[in-house]
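Notes for the one structure printed next.
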Amino acid sequence: MPHFTVQITEDSLDGTVEAPLVRSLADAVGSVYGPDFRRLVGVDLIGVPRARRGVGGEPLPTGAHQPLVTLSMREAAYHLPQVPDAPARLVAATTDALAAVLGEEVRGQTVVTIEGVPDGRTGVAGAVA
């Protein structure tokens, strides 16, 4: 199952962006792998107090969102022949999803990491999947 973890300044999560952000991130994966894949996408939005986030040794400036996004799923999904350039497409679609919800200014602040989980290292309902 594809899973997003989004760490973002807490004040960016204002009660109006959470649902659209979850939908938009699921749509991002669906745009690469097809709409049926969308229903498998999990999303965790984690708010970080602004005073606890910095870049280059400096606290974040007011108004900066600085999303750090990790997408984790089975490694094999990144190498399917029918989905060429999957990692690059996922990074672009994920960044587009954040910009669509949070505003275009977030694009240059967004860091996306794609993690691949080897076969046999995930499980569902207590069994290796």
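In this chain, residues are counted from 1 in sequence order. What you are looking at is a predicted structure, and each value in this text was computed from that prediction instead of being measured.
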Seminar exercise, completed: Apart from Val48 itself, its cluster of hydrophobic side chains linked below 4.5 Å comprises none
Exercise. Is there a donor-acceptor pair under 3.5 Å between the side chain of Tyr33 and the backbone N or O of Ala77?
Worked result: yes
Problem set entry | Distance in Å, Met73 CE paired with Phe4 CZ, rounded so as to fall on 0.5 Å steps | 8.0 Å
Problem set entry | Minimum heavy-atom distance Arg89-Ser31, with the two atoms named | NH2-O, 3.8 Å
Exercise. Side chain to side chain contact (heavy atoms under 4.5 Å, CB included) between Glu105 and His65: does it pass, once the steps are laid out?
Worked result: CA-CA 9 Å; Glu105 68 277 0; His65 298 281; 4.1 Å; yes
For this session: Answer yes or no: is there a side-chain heavy-atom contact under 4.5 Å between Asp27 and Arg38?
Result: yes
Problem set entry | Approximate separation, where rounding is to 0.5 Å, of Asp96 CG and Ser24 OG | 8.5 Å
Seminar exercise, completed: Closest heavy-atom pair, Val17 versus Ser12, reported as atoms and distance to 0.1 Å, is CG2-O, 3.2 Å
Problem set entry | Ile114 and Val91: CA distance, side-chain angles, deciding distance, side chain to side chain contact (heavy atoms under 4.5 Å, CB included) verdict | CA-CA 8 Å; Ile114 304 290; Val91 167; 3.8 Å; yes
Exercise. At what distance, to the nearest 0.5 angstrom, does OG1 of Thr122 lie from CE of Met1?
Worked result: 9.5 Å
Seminar exercise, completed: Note: Leu13 and Ile46 closest approach over all heavy atoms is CD1-C, 4.3 Å
For this session: Using a strict 4.0 Å threshold on nitrogen-to-oxygen distance, state whether Asp11 and Arg50 make a salt bridge.
Result: yes
Exercise. Could you go step by step and tell me if Leu45 and Val22 meet the side chain to side chain contact (heavy atoms under 4.5 Å, CB included) rule?
Worked result: CA-CA 8 Å; Leu45 303 175; Val22 168; 4.1 Å; yes
Seminar exercise, completed: For Ala28 and Thr94, the nearest pair of non-hydrogen atoms, with its separation, is CB-N, 4.0 Å
For this session: Starting at CG of Leu25, measure out to CG of Leu90 and round the result to the nearest 0.5 Å.
Result: 11.0 Å
Exercise. Does the side chain of Ser72 pick up a donor-acceptor pair with the side chain of His3 at under 3.5 Å?
Worked result: no
For this session: Determine yes or no for a side-chain-to-main-chain donor-acceptor pair under 3.5 angstrom, with Arg53 supplying the side chain and Pro59 the backbone.
Result: no
Seminar exercise, completed: All heavy atoms of Pro2 vs all of Val29, minimum pair found to be CG-CG1, 4.3 Å
Problem set entry | Side chains of Val32 and Val83 in contact at under 4.5 Å (non-hydrogen atoms) | yes
Problem set entry | Under 4.5 Å side-chain linkage, directly or through intermediates, the cluster mates of Leu68 | Val111
For this session: Heavy atoms only: give me the nearest Val101-Pro20 pair and the separation to one decimal.
Result: CG2-O, 3.7 Å
For this session: Taking the side chain as every heavy atom from C-beta outward, state whether Val69 and Thr5 have any pair of such atoms under 4.5 Å apart.
Result: no
For this session: Taking atom CZ of Arg121 as the centre, report whether more than 12 heavy atoms of other residues, nucleotides or ligands fall under 6.0 Å from it.
Result: no
For this session: Mind checking the CD-CG spacing from Glu115 to Leu71? Nearest 0.5 Å is all I need.
Result: 8.5 Å
Problem set entry | Min side-chain heavy-atom separation Arg74-Asp119 under 4.5 Å | yes
Exercise. Taking atom CD of Glu18 and atom CZ of Arg23, what is their separation to the nearest 0.5 Å?
Worked result: 11.0 Å
